[in-house]
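Below: one structure, written as C-alpha cells.
Here the structure is a predicted model, which means the values were calculated and not measured. Chain letters run A, B, ... following the sequence lines, proteins first and then strands; every chain starts at 1.
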2 protein chains.
Amino acid sequence: MRTDDAAASPSAGRTPRTDALRNRQLLLTVAARAFAEQGTGVSTAEIAQRAGIAKGTVFRHFPTKEDLIAAIMGEIIDDLVAAASRLSQAADPAAAVLEFMTYGIERLASNRGLCEVVGRPSLQQASVRAGIEHLCEVVEALADRARLQGAVREDITGVDIVLLLAGVHQTAAPVAQARPELWRRYLALVFDGIRARDALPLPCPLERLDFTGAGQVSTGGNDPH
Amino acid sequence: MRTDDAAASPSAGRTPRTDALRNRQLLLTVAARAFAEQGTGVSTAEIAQRAGIAKGTVFRHFPTKEDLIAAIMGEIIDDLVAAASRLSQAADPAAAVLEFMTYGIERLASNRGLCEVVGRPSLQQASVRAGIEHLCEVVEALADRARLQGAVREDITGVDIVLLLAGVHQTAAPVAQARPELWRRYLALVFDGIRARDALPLPCPLERLDFTGAGQVSTGGNDPH
DNA sequence: CACAAACATGACCAAGCAGTCATTTTCAGC
DNA sequence: GCTGAAAATGACTGCTTGGTCATGTTTGTG
C-alpha cells in the first residue's frame, strides 16, 4: 500500500546499493522501536546511536525527522487497514468490529509514538492523514455489514469506530501504568453503546468529515515538541 | 482549596508588595490564557512578553515552569471539584452526572494545556495529581447517589466518570477542528453505556487505583515537551 | 584493478529552551 | 524626601535539538 518504499530520492531510476538498503531497514526497525517506547520525542541522534549508524545517515534516508515518523506510522496504519480488510469478511460482523477495536487498542497501548501521532493531527504528515482516511473507508465496510445485520446502531459509521477505538485507549491511558488492562472495561462499555438498539439516535450525525486541521480548539502557531 | 496562593517564598512572614501581587496576578492570567491556547509548550519568554514583564520576574514568582503550570491547572481542577460538589446535591443524580461530564468536556475542549496535563501523568506535579484524586473522591459522591437511584450501572465509580469524561473529549479531539460539537455524540453514546441496566457487569472492576506513574506503557527516560 | 557514483561520517551550525544573577528600579515606612 | 529592602530587569549560560556539509569510505561495474 505504501508508495515509495525502497528509494529515498523521489523516483530515482537507480536501484539502491545493498549496504544502503540494509542500513535503511535497520534504521526503520530501530526507529520504530524507539518511537514505540519513548514517543516521537526521541532525538535523531539517539536513534542513530541505537542503530549504530551516524546521524547524517538518518537524514540521507529520510530528509526530515517527520518523514521518518510518517514512514513508520504509515506501516502501522497499513497493518490496521489489512486487519480491517480481513475482518470485513468474517462471519459475525459484530464480533469482527469488536475484534478490530481490540486489535487497534492493543497496537496503541504498545506504541507511545503512534498515540501521539493519531492524537495530534496538527503534526501529521499528509501521507499519514491519507492512511487514516483510507482506514476509515475500509472500516466503513465493516460497519456496513454490522449495520445490515442489526448488530450495531443504525447511525454508527466507520469513522465512529476508528475514533472510538482511539478514544477508548486514551480513556484508560492515564492509569495504564497501574491498570494495564483497564481499557477492556471501557471497550465493553462503549461497545455496549454501539450496539444499543432501543436507544434514541445519537446527536451530531456523522457522514463525511476530513481530518485536516489541528486536534485542538485553538492553535496559536508554534507546536511544541 | 489551593494552599499558598499569595506568597512565592515558602511561608514568608512578610506581606508581599502590592506591585508584586499585581504582577503575579497578571502573570497567572496571561499564562492561563497562553497555556489554554497553545498548550504547555509555550515558552516562558513568550508568556513574559505577553504579560509585559521580564522573564526573570516569571521565575521570581514561580521557581520553575512546572510550578507555574501546576498553579494554573490546580485552579481549574479546583473549579471542577466545586462544580462536582455543587452537582452532588442536585435533585436528579443522573442529570447531574451528565451535566458534570458536559462541563468538564467543555473545559477540556477550550484548554489545550489542560488536556496535555491530564493526559500525561508523567509530567504532572504532585499537587495536580492530588487535585485529580480529590476530584475523583467528590465525583464518587455523585456516582453514589446516581447508583442508589438506579440511574447508572451498579459498577460505575467516580473514577470511571472522570476517566470517561476525558476520554470522550479525546475521542472527538482529532476532528475537533472540523466538528467542534462532535463530542456530544460520543458523550451520548458513553452515557448510554453508563446507564445500561440490563447489561452484563463490566470487566476489570475498578475500586481503588492511584494515578501515580506514566500514562504510557513504557517510559524510556526523557519526556518530550 | 580501477574508477566513478553512491553512501557513510561526525564535526558543525543556528535556533530554542529553562533557568541564573549582577544590576537597576520601585515600593513602603519613617 | 530618605533609605533599605523587595522586586524587576534582561543579558547571559548551558544544554538539547533538527538539520547540513566537506571529507572520507564502500560498492558495483567495465
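- Of the possible polar contacts, one joining the A/Asp160 side chain to the A/Thr157 backbone as a donor-acceptor pair under 3.5 Å is found.
- Within the structure, every side-chain polar atom (N or O) of B/Ser43 is placed at least 4.0 Å from both OP1 and OP2 of C/dG16.
- Listed nucleotides C/dA18, C/dC7, D/dG18 differ in distance to A/Thr44; the shortest reach to its side chain belongs to D/dG18.
- Around the CZ atom of B/Arg33, the shell of radius 6.0 Å holds no more than 12 heavy atoms that belong to other residues, nucleotides or ligands.
- A salt bridge does not link B/Arg120 with B/Glu116: every distance from a Lys NZ or Arg NE/NH1/NH2 to an Asp or Glu carboxylate oxygen is 4.0 Å or more.
- Atom CG of A/Leu27 is separated from atom C1' of C/dA8 by 13 Å (rounded to the nearest Å).
- Atom CG in A/Asn23 sits roughly 7 Å away from atom P in C/dT9 (whole-Å rounding).
- Taking a 6.0 Å sphere around CD of A/Glu106, one finds it holds more than 12 heavy atoms contributed by other residues, nucleotides or ligands.
- Look at CD on A/Gln38: it is 11 Å from P on D/dT17, rounded to the nearest Å.
- The separation between B/His61 atom NE2 and D/dT9 atom P is 9 Å, rounded to whole Å.
- With the nearest nucleotide of DNA chain C identified for both B/Ala45 and A/Ala54, A/Ala54 has the one nearer the 5' end.
- A donor-acceptor contact under 3.5 angstrom links the side-chain atoms of A/Lys55 to the base of D/dG19.
- Regarding A/Gln25, its CD atom lies at a distance of 14 Å from the P atom of C/dA8, rounded to whole Å.
- If you take CZ of A/Phe59 and P of C/dA6, they are 22 Å apart, rounded to a whole angstrom.
- One interatomic measurement links the two molecules: CG of A/Asp19 to C1' of C/dT9, which rounds to 13 Å at whole-angstrom precision.
- Other residues, nucleotides and ligands contribute more than 12 heavy atoms inside 6.0 Å of the CD atom of A/Glu66.
- Distances shorter than 4.0 Å separate none of the side-chain N or O atoms of B/Thr18 from OP1 or OP2 on C/dC27.
- In terms of polar N and O atoms assigned as donor or acceptor, the side chain of B/Arg17 never comes within less than 3.5 Å of the base of C/dA28 in a complementary pairing.
- In this structure, A/Asp67 places its CG atom 12 Å from C1' of D/dG18, rounding to the nearest Å.
- Mapped onto DNA chain C by nearest heavy atom, B/Arg22 and A/Gly56 fall at different nucleotides, with A/Gly56 at the one closer to the 5' end.
- In this structure, the nucleotide among C/dC7, D/dG19, D/dG10 sitting nearest to the side chain of A/Ala20 is C/dC7.
- For A/Arg60, the side-chain atoms get nearest to C/dA8 when compared with the rest of D/dT27, D/dG19, C/dA8.
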